[in-house]
Amino acid sequence: MTFNNDKAIFLQMADRLCDEILAGKYQDDARIPSVREYAVLLQVNTNTAVKAYEELARDGVIYNKRGLGYFVTAGAKEQIMKARRQEFMSQTLPELFRNMRLLGISIDEVEKAWEEKE
């Protein structure tokens with residue numbers, strides 16, 4: 001995984017795990033890779049992976065079964081989707097609209113481009 005400088009690595013790791021949950025790689029109550037396995041996979045320090053897992057556990061996306069590892073919380077996919085939609089609507093969309101206005105791009109042009117991508 002290539003990390004960028006815009007966001008802490010542990011948050012980028014948490015986002016990646018959420019992406020994998022959204023993509024269906026991990027279902028409700030499915031075991032996810034251990035902290036150590038995920039750290040090795042992404043070539044980061046184990047402490048960084050611990051922070052990512054703690055963040056996700058705090059948000060209720062994953063939970064720990066002592067001695068067994070971490071698992072996806074039931075309903076996590078819907079929870080992630082809801083949070084990301086809110087973030088998109090409040091942060092990404094206003095910036096997109098601003099750029100559209102500056103560049104003179106109409107909603108019709110965007111819709112046409114959307115349809116061509118399908």
Side-chain angles (χ1 to χ4, degrees):
M1 179 174 177
T2 303
F3 297 102
N4 62 50
N5 293 326
D6 297 344
K7 198 178 209 182
I9 291 174
F10 80 94
L11 292 175
Q12 292 176 63
M13 290 178 67
D15 285 346
R16 178 187 165 134
L17 197 51
C18 286
D19 289 347
E20 292 171 342
I21 292 168
L22 287 174
K25 184 173 182 177
Y26 303 112
Q27 305 293 324
D28 287 353
D29 296 310
R31 186 182 177 280
I32 60 173
S34 71
V35 170
R36 191 163 296 172
E37 289 168 342
Y38 214 56
V40 168
L41 177 70
L42 300 182
Q43 300 176 340
V44 298
N45 185 294
T46 304
N47 292 331
T48 304
V50 167
K51 287 174 74 172
Y53 277 47
E54 287 175 347
E55 179 76 14
L56 292 172
R58 207 174 13 260
D59 290 345
V61 173
I62 61 174
Y63 64 94
N64 187 8
K65 284 187 181 178
R66 192 172 188 109
L68 296 176
Y70 282 92
F71 295 79
V72 177
T73 302
K77 183 175 182 175
E78 292 76 20
Q79 177 186 340
I80 295 164
M81 196 174 295
K82 181 180 176 184
R84 290 212 175 159
R85 283 177 182 221
Q86 288 174 340
E87 181 180 333
F88 179 83
M89 296 301 279
S90 67
Q91 295 176 12
T92 305
L93 208 51
E95 179 64 16
L96 176 67
F97 289 157
R98 187 183 78 77
N99 282 313
M100 286 173 63
R101 279 190 206 94
L102 288 173
L103 299 172
I105 298 172
S106 72
I107 206 77
D108 292 335
E109 290 175 90
V110 172
E111 186 175 359
K112 182 180 176 187
W114 172 269
E115 290 170 359
E116 289 173 359
K117 293 292 181 191
E118 291 183 341

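Side chains are part of it too, since the values below use all heavy atoms of this structure and drop only hydrogens, waters and symmetry mates.
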Hey, any chance Leu93 and Val110 share a hydrophobic cluster, counting ILVMFWY side chains that come within less than 4.5 Å of each other, even indirectly? yes

Inter-residue atom distance Ile21.CD1 - Ile62.CD1, 0.5 Å rounding: 7.5 Å

Would a distance-only check, ignoring hydrogens and angles, find a side-chain to backbone donor-acceptor pair under 3.5 Å from Arg31 to Leu68? yes

Would you name the heavy atoms of Ile9 and Phe3 that are closest together and state the gap between them? CG2-CE2, 3.7 Å

Among Thr48, Val44, Leu17, side-chain contact (heavy atoms from CB on, under 4.5 Å) partner for Tyr38: Leu17

Nearest heavy-atom approach of Val61 to Cys18 is CG1-SG, 4.4 Å

Closest heavy-atom pair and its distance - Thr73, Asp28: O-OD1, 3.5 Å

Find the distance between NZ (Lys25) and CD1 (Ile32) and round it off to the nearest 0.5 Å. 11.0 Å

Please list, chain by chain and in numerical order, all residues satisfying side chain to side chain donor-acceptor pair (under 3.5 Å) with Lys7, sequence neighbours excluded. Asp15

cation_pi(Lys65, Phe71) dist<6.0 Å, angle<=45: yes

Heavy-atom distance under 4.5 Å between the side chains of Met100 and Ile107, does that happen here? yes

Sidechain-backbone polar pair: Gln79 side chain, Ala74 backbone, donor-acceptor under 3.5 Å: no

Quick check on the hydrophobic clustering: are Val50 and Leu41 connected, directly or via other members, by side-chain heavy-atom contacts under 4.5 Å? yes

With the 4.5 Å side-chain cut-off for hydrophobic clustering, are Met81 and Leu56 part of the same group? yes

Quick one: OG1 on Thr46 to CD on Glu37, what's the gap to the nearest 0.5 Å? 11.5 Å

Between Val72 and Asp29, is any pair of side-chain heavy atoms under 4.5 Å apart? no

What's the spacing between Leu42 CG and Gln12 CD if we round to 0.5 Å? 10.5 Å

Spacing of OG1 belonging to Thr92 relative to CZ belonging to Arg84, to within rounding of 0.5 Å: 10.5 Å

So, using side chain to side chain donor-acceptor pair (under 3.5 Å) as the criterion, who are the partners of Asn99 when residues are at least two apart? Glu95

Search all heavy atoms of Met13 against all heavy atoms of Ala52 and return the closest pair with its distance. CB-CB, 3.9 Å

N/O donor-acceptor pair under 3.5 Å between Asn4 side chain and Asp6 backbone: yes

Before accepting this row, confirm whether a basic side-chain N of the pair Arg58/Glu54 lies closer than 4.0 Å to the acidic partner's carboxylate O. no

Which residues pass the side chain to side chain donor-acceptor pair (under 3.5 Å) test with Arg85, not counting sequence neighbours? none

Side chains of Asn64 and Tyr53, heavy atoms from C-beta outward: is any pair under 4.5 Å? no

Between atom CG of Asn45 and atom CZ of Phe10, what is the distance when rounded to the nearest 0.5 Å? 13.5 Å

When clusters are formed by joining ILVMFWY residues with side-chain heavy atoms under 4.5 Å apart, either directly or through shared neighbours, do Phe97 and Leu103 land in the same one? yes

Counting N and O atoms only, with roles assigned by atom type, does the side chain of Gln43 sit under 3.5 Å from a partner on the main chain of Val40, one being a donor and the other an acceptor? no

I'd like to know if the side chain of Ser90 reaches the main chain of Gln86, judged simply by a donor and an acceptor atom lying under 3.5 Å from each other, with no hydrogens or angles considered. yes

